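Heavy-atom basis, side chains included; hydrogens, waters and symmetry copies ignored. For clarity, every value in this text was computed on a predicted model and none was experimentally measured.
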Amino acid sequence: MTIKYTPDHEWIKVDTATAGAIATVGITHHAQDALGDVVFVDLPEIGKTYAIKDAAAVVESVKAAADVYMPISGEITAVNEALRADPSLANSEPLGAGWFFKVKLANPAELDPLMDETSYTSFSDHA
């Protein structure tokens, strides 16, 4: 299991043991702290293909709205309906039950420039 982070405060978890890797994407603790209480999420359509850095979802809080960007290119294979029903999961469990969508990786090499946890922690401490 590999977890990487983007400068836009998304995380992507890849099950490297699975062929044709499917990755799970969500927002980080830093992102949900900055947003405040999440009240709405707009999730992508299953089957839609996105390029790296495309806006794939929207998260709205009492303070602001923000795009959730694709950390890699690929096809959406699932969305978190529990998050749609209870957007506060993005606050209470951003790295767990508050995930946003799953994506089939088009190019696993796109993961290489993303940050590991140590690099992301250092980055977000200065963001």
Rounded distance [0.5 Å steps], OG in S73 versus NZ in K53: 12.0 Å

Side chains of T24 and K102: any donor to acceptor distance under 3.5 Å? yes

Sidechain-backbone polar pair: N80 side chain, W99 backbone, donor-acceptor under 3.5 Å: yes

How many angstroms lie between CG in D33 and CG in N91, if you round to the nearest 0.5 Å? 8.5 Å

Same cluster or not: are Y50 and I46 linked, directly or through other Ile, Leu, Val, Met, Phe, Trp or Tyr residues, by side-chain heavy atoms under 4.5 angstrom apart? yes

Nearest heavy atoms of D112 and K4, plus distance in Å: O-NZ, 3.8 Å

In Å and rounded to the nearest 0.5 Å, what is the NZ to CD1 distance from K104 to I76? 13.0 Å

Any idea which heavy atoms bring V41 and R84 closest together, and the distance? CG2-CA, 3.8 Å

Roughly how far, to the nearest 0.5 Å, is the OG1 atom of T28 from the CG atom of D8? 10.0 Å

Hydrophobic cluster membership, with links at side-chain heavy-atom distances under 4.5 Å among I/L/V/M/F/W/Y: are V68 and F40 in one? no

Backbone N/O of S122 and side chain of D125: donor-acceptor pair under 3.5 Å: no

A side-chain contact here means heavy atoms from C-beta on lying under 4.5 Å apart; do M70 and V103 qualify? yes

Does P87 reach the side chain of V39, with side-chain heavy atoms less than 4.5 Å apart? no

Backbone N/O of L35 and side chain of S61: donor-acceptor pair under 3.5 Å: yes

Check the pair I27 / F100 against side chain to side chain contact (heavy atoms under 4.5 Å, CB included), numbers first and verdict last. CA-CA 8 Å; I27 61 172; F100 277 65; 3.9 Å; yes

Can you name the nearest heavy-atom pair linking L83 to L89, along with the distance? CD1-CB, 3.9 Å

CD1 of I22 to CZ of F101, rounded to nearest 0.5 Å, is 12.5 Å

Can you check whether E110 reaches P71 side chain to side chain, under 4.5 Å on heavy atoms? no

Between the main-chain N or O of Y69 and the side-chain N or O of E10, is there a donor-acceptor pair closer than 3.5 Å? yes

With sequence neighbours excluded, tell me which residues meet ring-ring contact (aromatic ring centres under 6.0 Å, His included) with Y5. Y120

Between S124 and H9, the two heavy atoms sitting closest are CB-CE1, 4.3 Å

Please give me the minimum heavy-atom distance between I3 and K13, naming the atom from each residue. CG1-CG, 3.7 Å

Student check: side-chain heavy atoms of I12 and I72 closer than 4.5 Å: yes

Kindly compute the distance separating CD (Q32) from CD (E93), expressed to the nearest 0.5 Å. 11.0 Å

Full working for side chain to side chain contact (heavy atoms under 4.5 Å, CB included) between L114 and T6: CA-CA 6 Å; L114 299 179; T6 73; 3.9 Å; yes

Let's go through L111 and V14 carefully: what are the C-alpha distance in whole Å and the side-chain angles of both, what is the deciding distance for side chain to side chain contact (heavy atoms under 4.5 Å, CB included) to 0.1 Å, and is it a yes or a no? CA-CA 9 Å; L111 293 166; V14 182; 3.7 Å; yes

Would you name the heavy atoms of V79 and P44 that are closest together and state the gap between them? CG1-O, 3.2 Å

